Amino acid sequence: MPSPTTTGLHCLFLLVSACCQIAQSSNFYPLSYVIDSTLGQESFFPEMQRQKRNMLILDLPFPEYTFDIEVSLQDSSYLEPIKDYFKNIDLPINISNVQATVSNISITTVCLPSGENSSCCFCENGYAWPSTVCSDVMPCHSLSLDPALPCGYKQKMPFYGPYCEPQTEESCGMGEPIVMNMSVRLDSDFQDDLKDSSSLLYQKYKMDLEKAFNASYRCLPGFVSATVTGFSPGSVFVNFEVRTGAASFTQVGDSNRAVPQFLDSSYQLNPFTFTRVITNQTNFTVKPSNIFEGDTVRLTCEINSTFSNVTWYYFDQTISAGSRYSVETVLASRTSILKITNVTTKDSGSYSCVFIRNGLYHTEIHNGTETISVFPLNVTPNFEDIDVTCNSPEVQAKGVQLSCCIDRHLTSLKVSWKLNGTINITGVTILSGNCTGYQLNISESLCPPEKSGAVTTYTCEMETGHGARRARSIAVTYLRKAHITISSSTNSTVSEGHGFNVTCESDVSNYDSISWKIQSGNDTKTVDCDMCIKNSKFPAMSVLTVKSASQDWRGTYICTFSQKNLDSSANFTIEVVSLPLKQNILIDPIETSIQCQVPHALECCISAKTVRDYKVTFVVQENEFQVEKRKKDNLLCYMYNHTEKECNKEKKFMAYCKFVNRIGQGVDSEYIRLHLIPGKKISCSDSLGTGTERAILIKPCCDVKNPKGFTRGNITYQCINSSWKVARNDCLSGPINDLLSGAESLVSSPEAKAQLPSYLAQLKEQTKKELSTINNSSANLGAIVTILDMVSSIPVEAEEVPMQNFLSTVDLIVDDSTTAAWEDLNKEKTRQSSLLLQSVENFSLRLQPVNNTIPSVSANTVQLQGVVVKENNNTAYNKDFRSAGNLTVNVLISETEIQTLTQNSTIVSVMYSKLGHVLPRKTSEYVNGLLITTTLSSNKSQKFDINMTFAKKDLSLKMPKCVFWNFTLNNHRGDWDNHGCTPTESENYVICSCNHLTSFSILMSPDRSSELIFENYISYAGLAISIVSLVVCIIIESLVWKYVTNNTTSYMRHVCILNIATSLLIADVWFIVTASITDQNQQMNRDICIMATFFIHFFYLCVFFWMLSLGLILFYRLVFILHNTSKTAQKAVAFCLGYMCPFVIAVTTIAVTLPKNSYTRKDVCWLNWQDSKALLAFVIPALIIVATNLFIAAVVIIKILRPTIGDRSSGQERKSLFQIGKSVAILTPLLGLTWGFGLATIIKNSHPAFHILFSLFNALQGLFILVFGTLWDKKIQEALLKRNSSSKWSSQQSKSSSLILVTPMLAMSYPFSRTFNNLCGKTGKYRVSSSEPSTSSTENTSKAYSLLN
């Protein structure tokens, strides 16, 4: 019985008409019909769809058409007979009614029912599914594992195509198969045997899984094989590859779903873990192809299938969107774009895009990887910087081209040039390949002289077109060849020993350096002299100053202004004309005595090797005389016999010789000192000279055999017992004389700096050889010091050898063996010891670092250490020194101070263990430690703090002072000074804190602290009592003033007392303040100290002069009885004497001594004695006033002792004695007699008792004035006691007034002899009958005595 289902048979007919062409308008459609169950009976269904499959229109006479005809069978048993029927049909078949011919009939597709509304379709042999539907057909899975069965594909019913087509290379499943790398997980434990491909377990797994995979995937289009490639842990991951045609995501997923059907369930295959990784189907593009730093890069991944998400990786790191990264994904175009902005070389590397598509039974991963390289955009200019001379004709003609190039050729390269600078010279841009040029148009007018050296920056900026840009700058320095003018202070000639200067000026001020050279013949010397060349910028000028010309300075002077590599020069020729130097003229004699009317030979000699065409004359007392020339071996001498004719008196005068060269310039010799001795007995007379007994004769150290002429120095003779005896020999030894001459030549040489090292080596060696001579001759010692001072003015490079030679020379001349010579020099009050210290300071100050270092050098008693201050130096300067005797000193400068210094400054410290004892010292103070010099090369005007820690040499010495050597004191011979330094004593050490730099040490004296402390206590206690007493005195005087000043004498007495008290009070206050600060070792400002000294001096003088006024008033009232001066006149005289005289003295003292820095003492604020004797401005007036008041006191006592008319009883005598004692007690404090004790204190080595007595009595002057000048006064006592009793006071006043009224008065015409008698204290005779004179005498006498009561 036929099957109820219908089997569909689709037949493809190829209709070819060979006889005629079917009309275009004919209706011809595919034919569909159904064959009934009875074979041969056909039923046509016009309602069925007619499909015109394809129409091929060929350019032939008879076109061909292809028709798809679907044949549906109700009974599947007819399928094979129908297939056979169509295979066996005779062709071609003519169809007459449509004028067509059927040329071929082929069965292409057979579909079998597989469920409701679906069927399973198969392609006949030689036919395949068209490629257009290849990804859509789904396999029909059968439960049968027979691989021989053909693969069917699911189609919906009714099925209207497309149908299978003749198999070609383009058909579904044809072409080169692809390899799908896939994996799936087995939910079972991993076993190590699965790592071994030869193990049985591995083989079993592989065979079973491959069998299941092949069965499941065989119906994929173009399937070839499925092979297991390995296993990996993590449960068990099966890695396998499937070789097949292009299969869609759905097809693979459907096949994956079927795998468990063909595999034993013991494998526990998880069908949801199938994953496919596709690496060769991703289109990965990178733009731009050449990537440079700064570019924006776009990485684009494109796949041919849909995806659910995409992830980008840099190596193994996931890329997230950020400031430089952005991801743009477009699902429609199946692309993802990663954009990286401003890439760097660190962005080079591997980038991956991973597309993921998830299904239930399949996960598909598309993976694309590209490696990018980011190159630096290297722009290379043809110059980093270039110097261009604006006013060069060649440069102006050719111009200058700047260029920049990159190392790769880019078609999208963009270039621009920018300039920045004060000189605006532009150009033209040129582009050639991967380079760009900029041709500058140089114009002299755009480059003025004042802008020479200006830098204009030209920047070439190159862009890739993708964001990367690089710029390189070329610095163009525009220079201008300077116009140099040169001139000299002389025309073109100058004499030896004379000074001159050469000036160079340039119109270009911005120069880098200036050099001077002297060309003489073939010899060219570079002038290396920091002290003689002064350069300035505005105006651009260099002045070469030569203080003393020598033959080394002759030649053509070339000054060169250098700016970068451009030199501009000018020259000037100077001829040096010979003329002897003053020190090279020997005079004979140097000092001598001459007789009247007796010729005496005067002589001037020079070296015979010098030029001889000089005009030489002798000048004696401003009269010129001709000379006689004579050669003496190596000397050329000019002689003149002088005869003195003016002989009326003894006199001293000078003579000298004058040398004039051919250009009219001259030099005078040293003076010959002549002493005319008329009429005196001549004791010595020989070839040396003439002179009286004990006369002095000084002769030169003449050595005519010396090839250089003569030796420096002189010999002093003294006439003793009619013969000349050598009193002193100050001649230099030959080697030292040569060293001195060499030093003079060296310092005046244009190549002094270059020649200094060799000279220092010679100086050291010769000093060592001549040490015994130096020890016995202060002149030779002084010459070595002079040499060191001269060479210390020359800068020297800080190399160990020349430094060692200089310090070794210093060490040799301060050795203990030279002590006697140093004592002689100090006795002569020379400044050689101070000069030696200053020469070492200058030498260390002028050290020029080599390689930014200063080596440490030691020479027995002298050590040197130093540093160079570098940029950002945060290290303190801390240097330790130790002498051979284990004395130490530490120098510390804080890092705060170091940071204030300029870069490359030098700090150098030099320690001396013996030089401190060579310097002059005070007898009571000793250098009790090492001497340390610290110098700073950079100028530091403000205070500069330094701390030094000195070890004490003698621990028994006390009272340490931190001192420095002040070269300006003691008439520039130098002395110790403690200004700016504060000591802190700490057991065996003294720490000195100073605010300046120079040479420091510590002075200490024997222990007199107990005496000084006792004196200080007396002074402070006495001054305190004195100040209180003076205040009380002033208060009492103000209370009783109107009661005790009822007459002129009393008035003037109290005026004096009040001014004495006021002046002494002010002076004591100033004194106690300054003394307390000094005793506490506190540093006082120098200006405040000067002011305090001035006021103390002034007010103490006021005290004395008011005391003098008081004494003079007393003297006037006692002696000049007849004179009666008005109160106003007396007061005017007293105030002028009391204030004007002290003011004049005080102002004169400060005006004379302050400019010499010798007004105050170094240790206390009081008048200087050691240097300027300023203390005499106080002592002399005080002593004169004391002497005057002593005289007045004597006169008063004589007046008191003068006998009255009649005999005196014993009672009267006792009364007189009491009066004398009372007067002395009053006059002693009032007239300043206590200052007489001060005389003893200024005597050398005076007894301490005088100091204590002076301190006691002087400090208690205020108390004496209060007690004896105020409280002991009867009138003041009465005024104080009766001040509140007006009646008693009135009575006392009436009594006093009546006494005065009845006192007789002497006539004004009283004889002068009476005055003399009063002065001498003689008894006078009074005329009782004359009342007028008696009255006057009594009144004046009583007024005078009122000074004592």
Side-chain angles (χ1 to χ4, degrees), residues 379-405 415-432 435-461 471-488 502-519 524 526-527 533 535-544 556-573:
V379 179
T380 306
N382 59 340
F383 306 106
E384 291 291 338
D385 53 71
I386 182 175
D387 300 334
V388 176
T389 305
C390 300
N391 53 351
S392 168
E394 181 181 358
V395 171
Q396 292 180 8
K398 294 182 179 180
V400 176
Q401 181 170 323
L402 312 177
S403 66
C404 290
C405 298
V415 177
S416 64
W417 285 86
K418 298 177 182 178
L419 63 91
N420 181 30
T422 56
I423 296 180
N424 189 20
I425 293 180
T426 59
V428 178
T429 302
I430 304 169
L431 187 60
S432 174
C435 293
T436 176
Y438 195 68
Q439 184 72 27
L440 296 176
N441 300 319
I442 307 298
S443 174
E444 182 179 355
S445 61
L446 297 176
C447 186
E450 63 272 12
K451 291 185 179 180
S452 180
V455 178
T456 297
T457 302
Y458 292 84
T459 304
C460 62
E461 189 175 83
R472 287 297 299 271
S473 295
I474 302 175
V476 178
T477 304
Y478 287 105
L479 305 176
R480 185 182 178 97
K481 192 171 182 63
H483 175 66
I484 310 296
T485 58
I486 187 170
S487 61
S488 172
V502 183
T503 303
C504 259
E505 294 184 81
S506 168
D507 61 343
V508 174
S509 60
N510 192 22
Y511 60 85
D512 296 326
S513 63
I514 302 175
S515 64
W516 286 86
K517 294 182 179 180
I518 302 175
Q519 185 175 1
T524 301
T526 299
V527 181
I533 298 176
N535 300 329
S536 63
K537 284 281 189 183
F538 304 101
M541 180 185 298
S542 180
V543 180
L544 171 61
T556 300
Y557 285 69
I558 304 170
C559 73
T560 302
F561 284 74
S562 299
Q563 190 177 25
K564 294 280 189 168
N565 296 320
L566 181 64
D567 294 338
S568 305
S569 302
N571 61 77
F572 190 86
T573 302

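Remember, predicted model here, so these are calculated numbers, not experimental data. Start at 1 with the first residue, then count along the sequence.
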Exercise. Does the side chain of F572 come within less than 4.5 Å of C504's, by heavy atoms?
Worked result: no

For this session: Examine distances only and state if a side-chain atom of D507 and a backbone atom of H483 form a donor-acceptor pair shorter than 3.5 Å.
Result: yes

Problem set entry | Side chain to side chain, I425 and T456, heavy atoms closer than 4.5 Å | no

Problem set entry | Exercise: identify the closest heavy-atom pair between T422 and K451 | O-NZ, 3.5 Å

Exercise. V395 and I442: which non-hydrogen atoms are nearest, and at how many Å?
Worked result: CG1-CG1, 3.8 Å

Exercise. When rounded to the nearest 0.5 angstrom, what distance separates OG in S432 from CD1 in I430?
Worked result: 9.0 Å

Exercise. If you take all heavy atoms of Q563 and N510, which pair is closest and at what distance?
Worked result: NE2-O, 2.6 Å

Exercise. Looking at CG of N391 and NZ of K481, how far apart are the two atoms once the value is rounded to the nearest 0.5 Å?
Worked result: 8.5 Å

Exercise. Out of curiosity, F383 CZ to C404 SG, how far, rounded to the nearest 0.5 Å?
Worked result: 11.0 Å

Problem set entry | Any side-chain heavy-atom pair of Y511 and S506 under 4.5 Å | no

Exercise. Between Y438 and W417, what is the ring plane arrangement, given parallel below 30°, perpendicular above 60°, and tilted in between?
Worked result: parallel

Exercise. Are side-chain heavy atoms of V476 and L419 found at a separation under 4.5 Å?
Worked result: no

Problem set entry | Test side-chain contact (heavy atoms from CB on, under 4.5 Å) applied to S562 and T560, step by step | CA-CA 6 Å; S562 299; T560 302; 3.9 Å; yes

Problem set entry | Residue pair R472 / V379: nearest heavy atoms and the distance that separates them | NH1-O, 3.0 Å

Problem set entry | Separation between OG1 of T477 and CG of L566, rounded to the nearest 0.5 Å | 11.5 Å

Problem set entry | Heavy-atom closest pair, residues K398 and Q439 | O-NE2, 3.3 Å

Problem set entry | side-chain contact (heavy atoms from CB on, under 4.5 Å) between Y478 and L446, intermediate numbers included | CA-CA 10 Å; Y478 287 105; L446 297 176; over 6 Å; no

Problem set entry | Nearest-0.5 Å distance that lies between atom CD1 in I518 and atom OG1 in T573 | 11.0 Å

Exercise. So do I533 and N535 actually touch side chain to side chain, heavy atoms under 4.5 Å?
Worked result: yes

Exercise. Distance from T436 atom OG1 to E461 atom CD, nearest 0.5 Å?
Worked result: 12.0 Å

Exercise. Does S568 reach the side chain of V508, with side-chain heavy atoms less than 4.5 Å apart?
Worked result: no

Exercise. With respect to the side-chain SG atoms, do C435 and C405 come within less than 2.5 Å?
Worked result: yes

Exercise. Does a side-chain heavy-atom distance below 4.5 Å link P381 with L402?
Worked result: no

Problem set entry | Shortest non-hydrogen separation from I486 to Y557 and the atoms involved | CD1-O, 3.9 Å

